[in-house]
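Working notes for the structure below.
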Amino acid sequence: MISLLWLIPTLPFASALILVLIGSRLSKRLAAGFGVGSIGLSAVITILVAAGFLSSPPPGGSYSQTLWTWIDVAGFRPQIGFYLDSLSLVMLLVVTFVGFLIHVYSAEFMNEDQGYSRFFAYMNLFVASMLTLLLADNLLLLYLGWEGVGLCSYLLIGFWYRDPANGRAASKAFILTRIGDTALSIGLYLLFTQLGTLQIQGLMQRASVQWPSGSYYAVAAAFLLLGGAVGKSAQLPLQVWLPDAMAGPTPVSALLHAATMVTAGVYLIARTHVLFSLAPPAQLAVAVVGACTLLLAGFSALTQHDIKRILAYSTVSQIGYMFLALGVGAWQAAMFHFVTHAFFKALLFLGAGVIINALDEEHSIFRMGGLRKELPLTFWTFLIAGCSLAGLPFLTAGFFSKDLIIWDAWSAQYGYPAFWVAGIIGALLTALYTFRMIFRVFFGPLGMPVTKRPGYAMTVPLIVLAFLSIVGGSLKEPLLGFLGSALPSTIEAHAGALTEIRSEAVAGLIFLLGLYLAYLFYLQRRNLADALVANPIGRALHQWWFADWGLDWIYDKVFVQPFIWTSEINKSDFVDAFYTGVAWLAQWFYRGLSSTETGRVRWYAAGMAAGSALFLAMVVFK
Amino acid sequence: MFSLGLTGLLVRRNLIFVLMSLEVMLNAAGLAFVVAGARWHQADGQVMFLFILAMAAAEVSVGLAMVLDVYHRFKSLDVDELSEMRG
Amino acid sequence: MELAFYIAGAVAVVSTVLMLTRLHIVHALLYLIVSLLGVAVVFYTLGASLVAALEVIIYAGAIMVLFVFVVMMLNLGAPEAEMEKNWLTPGIWVGPVILAGVLIIEVLYLVRGSTAGLGAGGVEPKQVGIALFGPYLIGVELASVLLLAGLVGAYQLGYRKIEKREIQHVADIDEGRTATGRGLVLPGADRPARTA
């Protein structure tokens with residue numbers, strides 16, 4: 001069973017290839033069959049592999065399968081090899097299963113679009129790259145998958161390429177993740193030149209042997225890897241691409257920018273956790289980045305009115321939680337939150353897609369309203385996902401994972417009270433913006449009439465994901481134990497005045513507070529919110545948070561404008577002068593020579609006479 | 001003589017004068033041939049002169065026919081007017 | 001004999017110079033004829049009596065007559081002389097004189113030092129004839145072809161479609177002749193005035 005591992009990334013890749021080559025000639029059903037079927041098969045094989053892994057765990061807790069040697073030069077031999085341990089198995093299950101559900105959903109969602117087979121080709125290629133990334137046993141293959149998901153993100157965000165705004169959003173995403181990718185590749189160079197290999201397990205061993213804790217190389221390499229993770233996972237300071245990436249179709253937002261691609265950074269840090277353990281400043285930086293991002297994105301989400309942008313900022317914020325967890329040393333908690341987040345965030349996005357589709361492409365929550373009666377199934381699943389996101393105590397999976405992180409932010413090896421406070425405030429914000437969204441969209445008077453209702457392909461995934469969002473909480477103990485073979489357990493360093501129960505209680509209270517405030521502002525007395533914003537300080541804050549804390553504006557002023565300016569003044573540089581000089585010289589000769597063609601006989605005769613005089617002179621004075 | 005003919009060619013603007021200067025130049029060339037033939041006591045010089053003579057006759061007839069054509073077309077005999085092939 | 005050579009040469013050169021500077025075209029033509037005759041005398045003093053005769057007959061006789069015909073046909077007279085006065089400014093002579101002067105100097109430089117005088121006797125016409133029918137036969141044939149080409153070309157170039165006006169004019173003349181019964185046509189009232 002377990003030897004079928006190599007099929008998991010290969011099947012989507014083959015399907016992508018087929019769809020690219022002959023997709024335009026296939027009927028829609030057949031294209032969807034390939035697209036959805038390949039992921040479905042991958043999901044089934046993943047379950048089989050998991051069954052094999054769990055029933056008879058391989059020695060050392062990991063299973064490696066090498067396909068072939070990729071490069072062999074001067075002792076550098078990265079291979080196309082797959083490495084399966086509990087960490088990658090967990091992620092594999094989530095990616096294939098959630099991916100399968102999203103593919104089923106998009107089979108109906110994208111039904112009226114052109115480029116149906118193109119969509120599935122890109123999606124399959126994405127899943128194949130993501131699976132390669134997860135299963136890679138060396139950093140070079142991981143980087144290949146990394147680049148592949150970046151490419152597919154670009155292709156899918158700009159899927160509706162005829163609108164140039166989509167192309168710009170796609171370029172923005174690609175360029176910003178490229179900055180992270182460059183940092184990552186420099187980190188790879190550093191690791192290879194210092195440690196001599198890129199095989200992950202070998203790397204971790206040699207690093208722990210060769211580099212003492214806090215050594216310069218370890219810190220540098222860890223910071224570089226963090227740079228890559230920050231770019232791909234849309235954390236501060238590179239998070240500005242994710243809200244704009246909502247220009248793509250909703251299933252893309254659900255799959256890439258909620259559940260899978262943006263968590264690639266989390267996976268990278270978790271995989272190379274040994275390196276980060278050796279570099280405490282880098283690990284602290286991870287936590288700080290996570291904490292700052294979760295707060296920043298939370299405030300921004302509170303002011304948005306496009307439903308997808310709210311969810312995008314929410315994703316940034318939740319990944320901030322995961323980074324916070326990784327930074328304080330709660331490796332397993334981060335992965336647990338990843339699993340639950342994949343469930344409820346994908347569900348939220350799919351639900352938003354249903355709403356947008358039903359209201360004829362309306363995105364603004366201020367124009368929606370009263371959809372509770374119109375789309376009941378969507379309402380209940382969305383509500384469950386929202387509660388999971390905000391952390392409804394005990395009933396939802398999100399509560400368990402988020403509160404674990406908040407508790408570990410206080411008590412783990414590198415935890416600080418400041419992190420705990422940040423997590424709590426973030427939870428308040430989460431509850432606020434989530435219920436703001438829910439109350440605005442589903443409650444109150446009917447905003448816009450519903451024109452289309454979703455079919456089974458769209459509602460069944462919603463139901464499945466809602467179910468998982470609830471019962472996922474019970475996975476806590478088994479999951480943490482299972483991950484223990486790949487990731488170190490969280491060391492509970494200091495508890496002080498707080499205990500886990502008390503922390504959870506505080507978090508639960510915060511949830512209720514957020515719920516009440518949202519109820520107050522957005523349901524009962526709507527003019528209260530408007531009054532807050534009308535006040536000049538309120539308006540300034542609102543605009544500042546709406547524009548993502550002005551980061552876009554800063555980047556434009558600091559990077560984009562100077563770059564454009566230098567390229568403008570360099571447009572006619574000295575190298576150009578060589579080519580224009582050749583043209584100018586030719587024209588100069590032309591002008592000169594054409595003036596000798598006067599058409600006058602006497603001129604020509606004079607020319608001949610002068611010429612013969614010259615010749616004779618040469619003969620005479622030889 | 002040749003130089004004189006050349007000077008006349010370059011100076012005068014009337015087409016007939018140009019042709020006349022051309023004749024002077026041809027004549028001068030023929031004179032040179034005959035003198036050379038007489039110097040070395042060979043008949044070749046005079047033979048060359050005969051050929052030059054025949055050529056001059058043909059050239060004059062064709063040239064004057066063209067002069068007539070030019071006059072009817074351009075209504076003037078100024079050689080500077082005939083510069084349509086200028087570049 | 002030598003004196004005759006120098007005098008005839010001087011006459012040729014002087015009359016060429018005069019030809020170049022005349023304003024009236026017929027004057028220039030006449031000076032050219034004189035120059036050609038001078039050259040013919042030079043030929044004779046060199047002993048080339050055949051070419052001397054040919055020069056007079058063909059060059060001065062036929063070619064110059066062609067020139068005179070064309071001048072008469074185009075009616076180039078006093079008005080053209082006025083134009084020439086405008087064109088022939090003193091400054092216009094500078095360049096060509098310099099160019100021609102350079103050429104003269106070079107040629108003189110090249111032929112300096114060859115001091116051979118005129119040998120006794122010349123080349124007999126008989127010798128020339130033998131050379132023409134002997135080694136230079138093909139040249140003779142080619143010259144005849146050239147003349148044919150010149151003939152055809154001149155004819156083609158000189159061909160001018162006769163305008164209707166001229167046909168009408170000729171028809172009117174015939175009508176006038178038959179009408180009045182006289183051979184001559186007098187300008188009169190029964191014929192429209194000719195517009196020149």
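What you are looking at is a predicted structure, and each value in this text was computed from that prediction instead of being measured. Just so it is clear: chains get the letters A, B, ... in the order the sequence lines come, proteins before strands, and each one is counted from 1.
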*What do the steps show when you test C/Glu55 against B/Phe49 for side-chain contact (heavy atoms from CB on, under 4.5 Å), and what is the final call?*
CA-CA 9 Å; C/Glu55 168 100 3; B/Phe49 182 78; 3.0 Å; yes
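- With a 4.5 angstrom heavy-atom cutoff, C/Ser144 does not touch chain B via any of its atoms.
- Of the listed residues (B/Val24, B/Leu26, B/Leu9, B/Val47), the greatest number of heavy-atom pairs within a distance under 4.5 Å of chain C belongs to B/Val47.
- To the nearest 0.5 Å, the span separating OG on B/Ser3 from CD1 on C/Ile104 amounts to 3.5 Å.
- For C/Tyr136, the side chain to side chain donor-acceptor pair (under 3.5 Å) partners two or more places apart in sequence, or in a different chain, are B/Asp44.
- In terms of heavy-atom pairs under 4.5 Å with chain C, the best-connected choice from B/Glu59, B/Glu23, B/Gln42 is B/Glu23.
- With chain C as the partner, the residue from B/Gly45, B/Ala57, B/Gly63 showing the most heavy-atom pairs under 4.5 Å is B/Ala57.
- Of the listed residues C/Leu151, C/Leu146, C/Val128, the one with more heavy-atom pairs under 4.5 angstrom with chain B than any other is C/Val128.
- In this structure, chain B has no heavy atom under 4.5 Å from any part of C/Leu148.
- Residues C/Phe67 and B/Met20 come closest through the heavy atom pair CE2-CG, 3.7 Å.
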_Go through it in stages, so that I can follow the logic: the residues are B/Leu4 and C/Met19, the test is side-chain contact (heavy atoms from CB on, under 4.5 Å), and I'd like the CA-CA distance, side-chain angles, deciding distance and then a yes or no._
CA-CA 10 Å; B/Leu4 285 175; C/Met19 175 207 100; over 6 Å; no
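- Separation of atoms OH (C/Tyr59) and CD1 (B/Ile52) is listed at 8.5 Å; rounding is to 0.5 Å.
- Both the backbone and the side chain of C/Val51 come within less than 4.5 Å of a heavy atom in chain B.
- Side-chain contact check for C/Leu20 versus B/Ser21: some heavy-atom pair is nearer than 4.5 Å.
- Residues C/Val39 and B/Met1 form a side-chain contact, since some pair of their non-hydrogen atoms from C-beta on lies under 4.5 Å apart.
- The number of heavy atoms from other shown groups lying within 6.0 Å of CD1 (C/Ile138) does not exceed 12.
- Residues B/Ser61 and C/Ala154 share a closest heavy-atom pair of O-CB, 3.8 Å.
- Heavy-atom pairs under 4.5 Å with chain C were tallied for B/Leu6, B/Asp69, B/Thr7; the largest tally goes to B/Thr7.
- Annotation for B/Val34 and C/Ala48: closest pair CG1-CB, 3.9 Å, computed over non-hydrogen atoms.
- Among B/Ile16, B/Asn27, B/Leu50, the residue making the largest number of heavy-atom pairs under 4.5 Å with chain C is B/Asn27.
- Residues meeting the side chain to side chain donor-acceptor pair (under 3.5 Å) test with C/Thr16, sequence neighbours left out: C/Ser35.
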_Working note: B/Phe51 + C/Val140, criterion side-chain contact (heavy atoms from CB on, under 4.5 Å); need CA distance, chi angles, decisive distance, verdict._
CA-CA 8 Å; B/Phe51 291 146; C/Val140 175; 4.2 Å; yes
*Would C/Leu74 and B/Val67 satisfy side-chain contact (heavy atoms from CB on, under 4.5 Å), going step by step from the backbone distance to the final call?*
CA-CA 10 Å; C/Leu74 296 179; B/Val67 165; 4.0 Å; yes
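- Interface residue C/Leu54: backbone and side-chain heavy atoms are both found under 4.5 Å from chain B.
- A 4.5 Å side-chain heavy-atom check between B/Phe2 and C/Val107 finds every atom pair outside the cut-off.
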